[in-house]
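Take a look at the structure below.
Counting begins at 1 with the first residue of the sequence. As the structure lists them, so they are numbered: ligands from 1, and atoms in each ligand from 1.
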Amino acid sequence: MKIESANFVGSALDLEACPDSNMPEFAFVGRSNVGKSSLINLLTQTKQLAKTSGTPGKTQLINHFRINNSWTLVDLPGYGYAKLSKSKQHDFNVHVSGYLTGRENLKHIFLLIDSQLKPLDGDLAFAEWLQACELPYSLIFTKTDRSSDTTVKNHAGQFLERCLQWGLEPTDSYSCSAKTKKGRGPIMAWIESQLPKKKREKKSPTINVGWMKKR
Ligand code: GDP
């Protein structure tokens with residue numbers, strides 16, 4: 001997908017504060033520090049659309065970005081940050097679950113998983129919750145440049161194996177690296193395939209003036 005425009009629309013605390021929109025929406029979620037902002041910047045071919053940060057658990061807002069004036073990319077707050085107070089964690093659960101279950105134009109959720117780590121129950125539990133809510137989701141294994149291909153394959157394989165054990169059925173799974181740019185193509189191609197086809201301009205029938213004149 002060629003990026004013609006990528007604009008920040010706004011930050012919302014909860015579903016109620018989200019901007020009105022009937023554009024198809026695709027949301028990205030994962031543990032704090034999983035590489036979500038870096039991935040969003042990779043997908044949108046921007047340097048700083050999403051703010052990357054070394055400080056996990058910082059962004060607690062639902063950020064909306066309009067892409068090519070045809071769809072919205074949503075950056076959800078990272079979950080599972082241990083140092084977050086219990087009440088902040090509770091707010092996260094209420095706000096994020098409210099958005100995910102209540103947003104009518106939400107088409108798909110991308111759940112990011114750190115490919116450096118063995119499967120974490122917290123990530124599996126999040127996938128299980130999405131599945132229980134009948135929300136369509138895919139997995140993206142991030143930071144693949146940080147480990148050997150074998151390790152990435154093993155961790156992704158183990159995660160998918162655990163999904164099977166838990167009865168989870170993600171639509172798809174992708175591997176990507178914000179550093180090497182690996183994985184951008186397939187994710188964007190899939191999003192593009194989900195967008196309504198652009199209407200072709202109708203050509204008005206041409207009238208054969210010469211023939212008409214003859215008669
Ligand atoms: P977020 O908290 O999930 O938004 O994560 P960030 O995108 O801010 O990334 C957290 C840290 O991981 C930052 O230091 C990034 O530079 C680094 N990072 C993110 N993605 C990658 C990647 O694909 N490869 C490498 N090597 N580092 C990454």
Side-chain angles (χ1 to χ4, degrees), residues 3 6-13 25-65 67 72-85 88-89 91-93 95-97 99-100 108-127 129-130 137-157 159 170 172-191:
I3 301 295
N7 301 306
F8 173 66
V9 181
S11 296
L13 181 66
E25 213 153 273
F26 297 84
F28 290 75
V29 68
R31 292 175 68 81
S32 296
N33 221 31
V34 71
K36 183 163 48 68
S37 310
S38 306
L39 175 74
I40 291 172
N41 291 336
L42 170 73
L43 297 180
T44 56
Q45 295 176 324
T46 56
K47 284 217 167 80
Q48 277 225 307
L49 194 65
K51 302 268 179 291
T52 52
S53 122
T55 323
K58 227 179 158 190
T59 326
Q60 289 301 314
L61 296 170
I62 303 170
N63 296 311
H64 287 71
F65 304 103
I67 314 297
T72 309
L73 187 158
V74 172
D75 179 8
L76 289 169
Y79 60 81
Y81 179 50
K83 285 190 189 156
L84 215 60
S85 67
K88 280 242 169 82
Q89 195 61 52
D91 288 351
F92 166 88
N93 292 340
H95 296 155
V96 171
S97 63
Y99 164 82
L100 289 170
H108 203 75
I109 297 141
F110 289 99
L111 173 59
L112 277 57
I113 312 288
D114 192 334
S115 71
Q116 299 174 107
L117 309 175
K118 289 192 169 169
L120 297 171
D121 281 353
D123 290 336
L124 284 153
F126 199 95
W129 180 81
L130 292 172
Y137 64 97
S138 291
L139 307 174
I140 302 183
F141 295 98
T142 62
K143 304 189 189 178
T144 56
D145 62 282
R146 286 202 180 172
S147 317
S148 68
D149 287 354
T150 316
T151 305
V152 170
K153 241 185 168 174
N154 281 343
H155 288 165
F159 196 93
D172 229 324
S173 68
Y174 304 88
S175 295
C176 79
S177 158
K179 196 172 175 196
T180 66
K181 304 190 166 81
K182 179 190 150 190
R184 180 184 182 275
I187 298 169
M188 294 306 266
W190 188 83
I191 292 176

Just to check, does V34 reach to within less than 4.0 Å of ligand 1 when the distance is taken from its heavy atoms?
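Under 4.0 Å: yes for V34.
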Which of F110, Y137, Y79 passes ring pair (Phe, Tyr, Trp, His ring centres under 6.0 Å) with F126? Answer is Y79
In short, H64 meets V74 closest at the heavy-atom pair CD2-CG2, 3.5 Å
Open item on the list: Assess the residue pair L124 and F159 against the criterion (side-chain contact (heavy atoms from CB on, under 4.5 Å)); give the C-alpha distance rounded to whole Å, side-chain angles, the decisive distance to 0.1 Å, and a yes or no.
Closed with: CA-CA 8 Å; L124 284 153; F159 196 93; 4.0 Å; yes
Side chain to side chain donor-acceptor pair (under 3.5 Å) with D145: which residues, sequence neighbours excluded?
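Result, side chain to side chain donor-acceptor pair (under 3.5 Å) vs D145: S177.
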Counting only nitrogen or oxygen atoms and a 3.5 angstrom limit, does [X] reach ligand 1?
X    : result
K36  : yes
S37  : yes
A178 : yes

In this structure, NZ of K182 is separated from OG of S175 (nearest 0.5 Å) by 4.5 Å
Rounding to 0.5 Å, atoms CG (D75) and OG1 (T44) come to a distance of 10.0 Å
Ligand 1 atoms nearer than 4.0 angstrom to some heavy atom of S177 are 23 (O)
Worksheet entry | Part of D145 with heavy atoms under 4.0 Å of ligand 1, whether side chain, backbone, both or neither |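 Answer for D145: side chain.
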Honestly, for R146 the part within reach of ligand 1 (heavy atoms, under 4.0 Å) is side chain
